Each structure stands twice: as C-alpha cells, then as structure tokens.
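This report refers to the structure that appears directly beneath it.
Values in this document were obtained by computation on a predicted structure and should not be read as measured data. The figures that follow rest on heavy atoms only: side chains count, while hydrogens, waters and symmetry mates do not.
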Amino acid sequence: MLDAVNIKSGNVKFVGSVIVKGSVEDGFDVKASGTIDIGGSVGKCHIESETGDIIIHQGVFGKNEGYIKAGKSLWCKFVQETKIEVEENVIATDSLMNCDITAMKNIVAYGKKAQITGGTLFATEEICARTLGSPGGGTTTTLSVGIDPRAKKKLDELQKAQGDLVKELENLELDISTLENQKKIRKSLPKDKEESLRKFLSRKDEILSENSEMNKEIDSLQAHLRGLKAVGKVKVEGTTYAGTKIYIRDVLDEVISDVNGCVFYYENAFAKRGKYEPPSLDVTKGPEGYN
C-alpha cells in the first residue's frame, strides 16, 4: 500500500495488486498485473492493469496525455481528456469529458450528473448516460456501438493507409509515363533518369503487392464486423444534444435537434430511436471484491 504516487515514490510497477491511498500526480505511472485501487485523483499519468480492474475513487485529469488501460473494467468518478482502453466496461458516477474510449463491453455514466461530453467513444454493447453531447453543439461528441472497436479502428487505419497508397501510385504512374515517353522519343535516357525510372517501377510493384495484402485484410475485417451478433444501443435518460453523432454498427444517426429520454438502436439495417431503457449492466454491484 502506498500513501501516494509522486516524486517521493517514483513510478510504480508491481506483480500483483496495488493500493494507493492518495493521488497519482502528473507524470507518474502505475503498472500492475492485478487490480489497481487509487483513493484520490489521477493526473497526466499512465495507469495500466494487465488482468484486473482499475478503481479511481476521485477524478482523472488527463490533460490530453493521460492513458488508462485495464484488463477488466475502469470504475471512477469522472475522467477528462484521457485515452482509455478496457477489456470490459467503463463505469463513471459523474462525467466523461473529451475522452477517447474503447470498451469491449459497455460505457456507463450513471450518477445524478452523469454526462458524456465531447470525445470519441467505442463500445461493443451499450453506451449509457444521463445527458449526452453539449448544449449548442460546441463540442463534438461521437459514439459508436454494436461493433468490435479494435477491428473498426484497424479497418479505418487500413482504409486510410490504402488511400495514401493509391495517391502515391497515381503520382508514380504519372512519373513513369513521362519518363517512358521521353525514352521512346530519345531512344534512351540519361543515367540519372534511367535510375529514377527503375526505382519508380520497383516502387510500383511494391505498392501493388502491399495493396493486394491490404485488400485481403480489409475484406477479412469487414466480414468479421458484418458477422458480429452484438446489436448495440445508446441509452440516454435525459437530453441528447444536437450535434451528437451516433453510429449504430455502421449506420450514422446524427442528432439534428435535442432529444429527451431516448434509446438509439439498430433494426433492419436502419438506425432507429425508441423510448428510454435503463442500462443492461447492473452498475450497483461495484467492482469484483468491493461493495
């Protein structure tokens, strides 16, 4: 057990569970194989548990550099400007603000002030809150449910990389065509241009091979995402503010005007809205081993 994590204690790395009675200050890391229990707040830190829950009794002020990774779930009061990756759930009693969150099960903000404002959130099953988005749409809030978050992110990265490859190929083909036309007219090219042509043709072959491999991986990821059984829902007890973007599987439901007491769901290839339902996850049980 530690009183706090700061310049006195230094970074913490431990095989087993870690209990910190106080706070973890900016710039310090806590890494453990088991549960991490922090009684105070967390600053601009890296907090990682390989196989257990992370319980933070106060708030997290990540300042866009904080990172939390849990082998199970994250339980906390509120989180600001932090990247979060968990194998199960993110459960907050207050707010999640301007965070990048990937949860392989659920994201639930369930207290009286439970709001999700800003950021990008992925969850395979459900995202639930009392309020969602920001009044006036000043901060973009984007949610995705009913997908495998990691597979979707990988697919997005591959498709972007493939787009960059296609642009490079188009430029290469233009350069190759110019040099080959010069060669036809002059019968030969200067040594430096001949070497450039050789490099361009070699790079073209590399791009075509890379693109072929990317197509296979993209097809595999798309098939995986299409075959997922999780439907996914977004449940908002109070107001969902205009400007919020909600993806149910791959279908976008962009909120144009404020909506009250609503569940956003997927049916027959369409994004639909219905009467509010409470979260499927029973958050009152608390993390394993805690009341």
Side-chain angles (χ1 to χ4, degrees), residues 46 48-51 64 67-74 82-90 96 98-108 116 118-128 132 140-173 203-235 244-255 263-273 280-281:
H46 284 205
E48 297 183 40
S49 167
E50 290 180 16
T51 62
N64 291 316
Y67 176 65
I68 295 173
K69 184 176 182 179
K72 288 186 178 179
S73 298
L74 168 65
T82 302
K83 182 174 182 179
I84 301 168
E85 297 180 14
V86 300
E87 295 302 313
E88 294 183 3
N89 309 298
V90 173
L96 299 169
N98 299 315
C99 292
D100 178 353
I101 303 177
T102 298
M104 299 308 292
K105 291 188 178 180
N106 303 277
I107 299 171
V108 182
I116 295 174
T120 303
L121 298 87
F122 292 87
T124 300
E125 297 175 12
E126 293 182 1
I127 298 177
C128 308
L132 184 60
T140 302
T141 307
T142 304
L143 286 68
S144 298
V145 293
I147 58 169
D148 177 335
R150 292 200 186 106
K152 181 65 168 64
K153 283 187 176 180
K154 180 64 175 175
L155 178 61
D156 290 344
E157 289 167 1
L158 279 171
Q159 289 175 328
K160 182 183 182 304
Q162 190 176 53
D164 293 340
L165 271 185
V166 168
K167 288 179 184 176
E168 184 184 351
L169 181 60
E170 288 171 353
N171 292 330
L172 270 177
E173 288 181 331
R203 178 57 184 153
K204 179 180 176 180
D205 288 341
E206 289 175 1
I207 288 174
L208 291 173
S209 177
E210 288 176 35
N211 190 58
S212 176
E213 291 302 313
M214 280 186 178
N215 279 332
K216 291 177 185 176
E217 193 167 358
I218 286 170
D219 288 345
S220 175
L221 287 167
Q222 287 175 331
H224 167 66
L225 289 169
R226 284 194 300 269
L228 283 175
K229 301 299 182 184
V231 174
K233 291 183 178 181
V234 174
K235 300 175 176 180
T244 302
K245 296 180 180 179
I246 298 174
Y247 289 88
I248 314 291
R249 303 197 73 149
D250 276 336
V251 183
L252 172 62
D253 185 344
E254 187 164 5
V255 180
V263 57
F264 301 82
Y265 65 99
Y266 179 93
E267 185 176 272
N268 298 326
F270 290 95
K272 295 191 175 183
R273 300 178 184 181
S280 299
L281 179 68

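- Of the inter-residue distances, the one linking Ser209 atom OG with Glu206 atom CD reads 8.5 Å to the nearest 0.5 angstrom.
- Rounded to the nearest 0.5 Å, atoms CD1 (Ile127) and CD1 (Ile107) are 4.5 Å apart.
- When atom types are taken as modelled, the side chain of Arg249 and the backbone of Ala269 share no donor-acceptor pair closer than 3.5 angstrom.
- Annotation: side chain of Tyr265 is not in contact with side chain of Val145 (no heavy-atom distance under 4.5 Å).
- In this structure, Val108 and Cys128 have side chains that are in contact, with non-hydrogen atoms separated by less than 4.5 Å.
- Side-chain contact between Glu85 and Tyr67 is present, with heavy atoms from C-beta onward closer than 4.5 Å.
- Pro149 approaches Ala103 most closely through the heavy-atom pair CG-O, 3.7 Å.
- In terms of heavy atoms, Lys204 sits closest to Leu172 at N-CD1, 3.9 Å.
- Here Lys235 pairs with Glu126, Glu277 under the salt bridge (Lys or Arg N to Asp or Glu O under 4.0 Å) rule; sequence neighbours left out.
- With values rounded to the nearest 0.5 angstrom, Asn215 atom CG is found 12.5 Å from Ser220 atom OG.
- Residues Thr141 and Gly118 share a closest heavy-atom pair of OG1-N, 2.7 Å.
- You'll find the side chain of Gln159 reaches within 4.5 Å of the side chain of Leu155, heavy atoms only.
- Side-chain atoms of Thr82 and Leu96, non-hydrogen and from C-beta on, never get closer than 4.5 Å to each other.
- Note that the CD atom of Glu170 and the CD atom of Glu173 stand 7.5 Å from one another [nearest 0.5 Å].
- Contact between Gly232 and Ile248 at its shortest, heavy atoms only, is O-CG2, 3.9 Å.
- Summarising the local packing, NZ of Lys153 is surrounded by more than 12 heavy atoms from other residues, nucleotides or ligands at distances under 6.0 Å.
- Under 4.0 Å is where a charged nitrogen must lie from a carboxylate oxygen, and between Glu213 and Lys216 at least one such pair does.
- Here the NZ-CG distance, from Lys105 to Asn89, works out to 6.5 Å after rounding to the nearest 0.5 Å.
- In this view, Glu168 and Arg203 satisfy the side chain to side chain donor-acceptor pair (under 3.5 Å) rule, not counting sequence neighbours.
- Val255 has its side chain within reach of Arg273: a pair of non-hydrogen atoms, C-beta onward, lies under 4.5 Å apart.
- Checked by atom type and distance alone, the side chain of Asp253 never pairs as donor or acceptor with a backbone atom of Ile246 at under 3.5 Å.
- Using modelled atom types and a 3.5 Å distance limit, the side chains of Ser144 and Lys152 yield no donor-acceptor pair.
- The closest donor-acceptor contact from the side chain of Thr124 to the backbone of Met104 lies under 3.5 Å.
- Note that CD of Glu210 is 11.0 Å distant from CG of Leu169, once rounded to the nearest 0.5 Å.
- Proximity of Leu143 to Leu132: side-chain heavy atoms (C-beta onward) are separated by under 4.5 Å at one or more points.
- Heavy-atom minimum distance, Gln162 versus Ile218: OE1-CD1, 3.5 Å.
- Minimum interatomic distance between Glu87 and Gly71 (heavy atoms only, all atoms of both residues): CB-O, 3.1 Å.
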